[in-house]
Novice: 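Submitted below is the structure of interest, expressed as structure tokens.
Lettering follows sequence order; numbering is per chain, from 1. Because the structure is a prediction, the values reported are computed rather than measured.
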Amino acid sequence: MANVIGGLATSHVPSIGGAIAKGLQQDPYWKPFFDAFDSIHAFLEREKPDVAVVIYNDHGLSHFLDKMPTFAIGAAEEYKNADEGWGIPVLPAFPGHAALSWHIIESLVNDEFDITSCQEHLVDHAFSLPLKLMYPDAKWPVRTVPITINSVQHPLPSALRCWKLGQAIGRALESWPGAEKIVVLGTGGLSHQLDGTRAGFINKDFDLLCLDKIVNDPVALTKYSNKEIIELAGSQGVELMCWIAMRGALQGRVSQLHSTYHVPISNTGGAVLLLENAPRAQAMAAE
Amino acid sequence: MANVIGGLATSHVPSIGGAIAKGLQQDPYWKPFFDAFDSIHAFLEREKPDVAVVIYNDHGLSHFLDKMPTFAIGAAEEYKNADEGWGIPVLPAFPGHAALSWHIIESLVNDEFDITSCQEHLVDHAFSLPLKLMYPDAKWPVRTVPITINSVQHPLPSALRCWKLGQAIGRALESWPGAEKIVVLGTGGLSHQLDGTRAGFINKDFDLLCLDKIVNDPVALTKYSNKEIIELAGSQGVELMCWIAMRGALQGRVSQLHSTYHVPISNTGGAVLLLENAPRAQAMAAE
Amino acid sequence: MSTSWNIPGTPVFGGDEARKGYALNKMCFSFNDKANRDAFKADEDGYMAKYNLTDEQKAAIGSRNVLQLIAAGGNVYYLAKFAGIFGLSVQDIGAQQTGLSLDDFKAHLVTQGQ
Amino acid sequence: MSTSWNIPGTPVFGGDEARKGYALNKMCFSFNDKANRDAFKADEDGYMAKYNLTDEQKAAIGSRNVLQLIAAGGNVYYLAKFAGIFGLSVQDIGAQQTGLSLDDFKAHLVTQGQ
Ligand SMILES: [Fe+3]
Ligand SMILES: [Fe+3]
């Protein structure tokens, strides 16, 4: 049985890539965000996960409006990052785990999720930057499974549907016969808005509420309609869906190992959260 | 409120296109199949539907394994037919109904169906031939909404999921504020198998059972697993899913106006079924 | 549904917008590739014609005005790739849309974190 | 799951097959276009190389044998486009796979309707 050892949620704004490229990690503007990854690095060094399941939203690199999936899952042995048009460095290709991808797809379709399975899938900054933050040398020690949630074209799936998606991913991972240690990522958010005369909107109160609820009462977040989330968190605040799905995939008792909130990074309420998942936590408690 | 006046199910094998091109409609091999459309033509002349919602499976024209959706819905003002590689004539483009498509997509995503919305969508023989059979002059008097169900790449959605999809489509159509008369098509089947040493398998008994159950007890068909359907109806017999979804979209009391079964057409148990949907049937009974 | 939410200052990209903006967004999607960005820069009119932009969309591209591009059906995820051609960040386009100077826009972001 | 169904004489195209057959099926998908069919006919080896077919897949294409193509990861929906290049119908490939003559295969179909 595979072992879901924890969940990591982080903002993924493209300018993180620019800051890394320019070596600005200790610049006061960026330092609180990058410092959050000290805890993550310690966790990764201790736990050495084998697989990262990355739940994120594609920003117009792999999917276009010609055929826009609600939920898509990569099923390849390799995922390439690529130019997104604004000059952040392209990262080395990521190893996939096609057998696990197909297992997840089988399990989700069996659970009445209508997945788009992708044997070709470019991964954008929302996938690549969190992994670069986790592994700054870009020598990826994990195999990966990309899972995207439509955040571009309404209708978007509801928070409740994304929570259920996450739960179904969690069940799929628990039924995987391999022995891999798996970490689940949710990337995006928190509050931000890029478009319209409300551009630049950030809602610190709501972000802090989300950071609490996602750990201690995630079901509370599934009560919000998409309209409410956009009102409260801005039009791109819907990326919260990826956090909710990540949290849904943690099936056991969850403990918070780290939480950072820092405003702004770029136009965004920057946040990093590390959660340990129950089976592992229990095992350590018993040691 | 839009008016779902009926459902039409038909086999869609490519060689129908060849037979039409060669004028073989009265050839003894084809005659029973083409004659079935006399009843359909009478129905269409009497009812003059404005919209055809066509539930079918793409055979590798619009969707490939790079990004294979479980359920995809066209959302364009026009759908082009195209060369599929085996020489049947390409039919004139079909008018779409993008506003209705988006209404259906909104309603389905709200109902927790994870739709892939397609603003570019080529329609293959499984869409075009049934419309050509309905309207032999190829002057399409209906606007169309293509809805595809994955039948190429396992895992396929279950019969139960496709039934639920159809029901959700029916709810979407009932909530559409337009006054259009709508006919729902389900195309494919019945039993056939193209690949493997069991190629050519046809199961007349199961086909006749399906033709009965789809009218009188469709829920019975939702009990079959995909494995059972393939055992009973051949690997391409899974196209039955499109019939099941069509039937699900007929929300009222359904009466059978026509049923034909004729074996073989090409490698397939050929079948045509015309159903009238309750509101319309009741109105006529009251006349 | 989503398009009738009317959240102040907040465009919602639903089916109507997706239909209206398809050509514009498809062109902007092409800007993922440097060769396409260069081709656009070399011949804006020719490139727009290739993607069948409407007159409204052509004028919006010419204006470099994000609100005008959104009104022409543009989606911010694809428009960001257009903005990238000119080295504009999401803060630049935020300042433009809100009518603030870049410094004031940045200050507004900082204030919200306090 | 689906790939372990073991229905006699009945290939199931699941994840394992999708992975194994990707290059082959992608090539066959390209045969929707006449220009690609013509390019294949003009230079089979060059065309297969462009799609990175494995040696097993190249041999299967060379053999024109459907069961061998399926064993190499081919999916019948895409293989039908390859068969179309040679004017082969689904009855021709049915006869080939079952080892029947075309007439016997057709008679088998008729019999099942009686
Ligand atoms: Fe984002
Ligand atoms: Fe078919």
Side-chain angles (χ1 to χ4, degrees), chain B residues 13-15 18 29 32 57-66 68 82-88 122 124 151-156 191-205 207 225-228 230-232 234-238 261-270, chain D residues 1-19 21-22 25-26 28-34 36-37 66-67 69-70 74-85 87-91 93-100 105-106 108-114:
Chain B
V13 296
S15 55
Y29 183 88
N57 58 301
D58 179 81
H59 298 67
L61 180 68
S62 196
H63 302 300
F64 181 60
L65 303 177
D66 59 334
M68 178 58 74
D83 186 0
E84 294 178 61
W86 45 63
I88 65 171
L122 294 173
D124 76 2
S151 75
V152 170
Q153 159 66 63
H154 289 265
L156 310 183
S191 63
H192 63 304
Q193 176 158 338
L194 303 178
D195 49 349
T197 55
R198 198 173 67 140
F201 174 74
I202 291 175
N203 186 341
K204 183 177 176 178
D205 290 342
D207 287 347
S225 71
N226 287 0
K227 183 187 178 193
E228 288 167 335
I230 291 173
E231 284 173 330
L232 288 164
S235 26
Q236 279 70 50
V238 293
Y261 184 65
H262 169 60
V263 173
I265 57 170
S266 187
N267 289 18
T268 298
Chain D
M1 295 184 260
S2 51
T3 50
S4 61
W5 285 347
N6 291 322
I7 304 170
T10 304
V12 171
F13 189 82
D16 290 344
E17 293 74 20
R19 290 161 67 190
Y22 193 73
N25 291 312
K26 189 170 179 176
C28 291
F29 179 67
S30 80
F31 294 147
N32 279 317
D33 289 325
K34 182 170 187 309
N36 293 330
R37 298 194 294 270
V66 176
L67 293 174
L69 284 158
I70 292 169
N75 175 296
V76 72
Y77 288 102
Y78 308 112
L79 294 179
K81 299 170 193 298
F82 173 62
I85 294 180
L88 298 176
S89 73
V90 291
Q91 296 189 334
I93 68 173
Q96 189 200 73
Q97 292 175 93
T98 52
L100 297 175
F105 183 77
K106 287 182 177 177
H108 170 58
L109 293 165
V110 170
T111 303
Q112 292 176 95
Q114 284 159 355

Novice: Using non-hydrogen atoms only, which part of D/F31 is less than 4.5 Å away from chain B: side chain, backbone, both, or neither?
Specialist: backbone
Novice: Going by heavy atoms in the side chains, are D/F29 and B/L65 under 4.5 Å from each other?
Specialist: no
Novice: What's the separation between atom CG in B/L61 and atom NZ in D/K81, rounded to the nearest 0.5 Å?
Specialist: 6.0 Å
Novice: Assess the pair D/Y22 and B/F64: is the distance between their ring centroids shorter than 6.0 Å?
Specialist: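 Distance test on ring centres: under 6.0 Å, yes.
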Novice: Contact part of D/V90 toward chain B, heavy-atom cut-off under 4.5 Å: side chain, backbone, both or neither?
Specialist: both
Novice: Using non-hydrogen atoms and a 4.5 Å limit, figure out which bit of D/N25 sits close to chain B: side chain, backbone, both or neither.
Specialist: both
Novice: Please report the interatomic distance CG(D/L109) to CD1(B/I265), rounded to the nearest 0.5 Å.
Specialist: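 If I round to the nearest 0.5 Å, the distance is 11.5 Å.
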Novice: Less than 4.5 Å to any heavy atom of chain D: does that hold for the side chain of B/N226, its backbone, both, or neither?
Specialist: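 Contact with chain D involves both backbone and side-chain atoms of B/N226.
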Novice: In terms of heavy-atom proximity below 4.5 Å to chain D, should B/D58 be classed as side chain, backbone, both, or neither?
Specialist: neither
Novice: Nearest 0.5 Å please: distance from the CG atom of B/D83 over to the CZ atom of D/R37.
Specialist: 4.0 Å
Novice: With chain D as the partner, which of B/I202, B/D66, B/L156 has the greatest number of non-hydrogen pairs under 4.5 Å?
Specialist: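 With the most close heavy-atom pairs to chain D, the winner is B/I202.
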Novice: Mind ranking B/Q236, B/H192, B/R198, B/H262 by heavy-atom pairs under 4.5 Å with chain D and telling me who comes out on top?
Specialist: B/R198
Novice: Given that the side chain runs from C-beta out, which part of B/S151 has a heavy atom under 4.5 Å from chain D: side chain, backbone, both or neither?
Specialist: both
Novice: Name the region of D/A80, side chain, backbone, both or neither, that has any atom closer than 4.5 Å to a heavy atom of chain B.
Specialist: both
Novice: Under the salt bridge (charged side-chain N to carboxylate O under 4.0 Å, His left out) test, which residues partner B/K204, sequence neighbours left out?
Specialist: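 Residues passing salt bridge (charged side-chain N to carboxylate O under 4.0 Å, His left out) with B/K204: none at all.
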Novice: Select one option (side chain, backbone, both, neither) describing which atoms of B/F201 are under 4.5 Å from chain D's heavy atoms.
Specialist: both
Novice: Checking B/Q193 against chain D: side chain, backbone, both or neither under 4.5 Å from a heavy atom?
Specialist: side chain
Novice: Contact part of D/K26 toward chain B, heavy-atom cut-off under 4.5 Å: side chain, backbone, both or neither?
Specialist: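 Backbone plus side chain of D/K26, per the 4.5 Å heavy-atom cut-off to chain B.
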Novice: Within the side chain of B/Q153, is there an N or O that forms a donor-acceptor pair under 3.5 Å with the backbone of D/N75?
Specialist: no
Novice: Go through B/V13, B/V152, B/T268 and name the one with the most non-hydrogen pairs under 4.5 angstrom from chain D.
Specialist: B/V152
Novice: Is chain B contacted by the side chain of D/I7, its backbone, both, or neither, given a heavy-atom distance below 4.5 Å?
Specialist: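 Side chain of D/I7 only, per the 4.5 Å heavy-atom cut-off to chain B.
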Novice: Tell me, for D/Q96 versus chain B, whether the close heavy atoms (under 4.5 Å) come from the side chain, the backbone, both or neither.
Specialist: neither
Novice: If you compare all heavy atoms of D/Y78 against all heavy atoms of B/H63, which two are closest, and at what distance to 0.1 Å?
Specialist: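 Answer, listing the atom of D/Y78 first, then B/H63: OH-O, 4.0 Å.
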Novice: I'd like to check the side-chain contact (heavy atoms from CB on, under 4.5 Å) partners of D/A83; sequence neighbours left out, ordered by chain and number.
Specialist: D/L88, D/I93
Novice: When you compare the side chain of D/Y77 with that of B/D124, does any pair of heavy atoms fall below 4.5 Å?
Specialist: no
Novice: State the CG-NE2 distance between D/D16 and B/H154, to the nearest 0.5 angstrom.
Specialist: 13.0 Å
Novice: How close do B/A199 and D/G94 get, counting heavy atoms only, and between which atoms?
Specialist: CB-CA, 4.0 Å
Novice: Side chains of B/S235 and D/V12: does their closest heavy-atom pair fall under 4.5 Å?
Specialist: no
Novice: Nearest 0.5 Å, what's the CD-CG distance between D/Q97 and B/L194?
Specialist: 8.5 Å
Novice: For the atom pair CG (B/D195) and CD1 (D/I70), what is the distance rounded to the nearest 0.5 Å?
Specialist: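 If I round to the nearest 0.5 Å, the distance is 5.0 Å.
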Novice: Tell me which of these, B/T197, B/D207, B/V263, has more heavy-atom pairs under 4.5 Å with chain D than the rest.
Specialist: B/T197
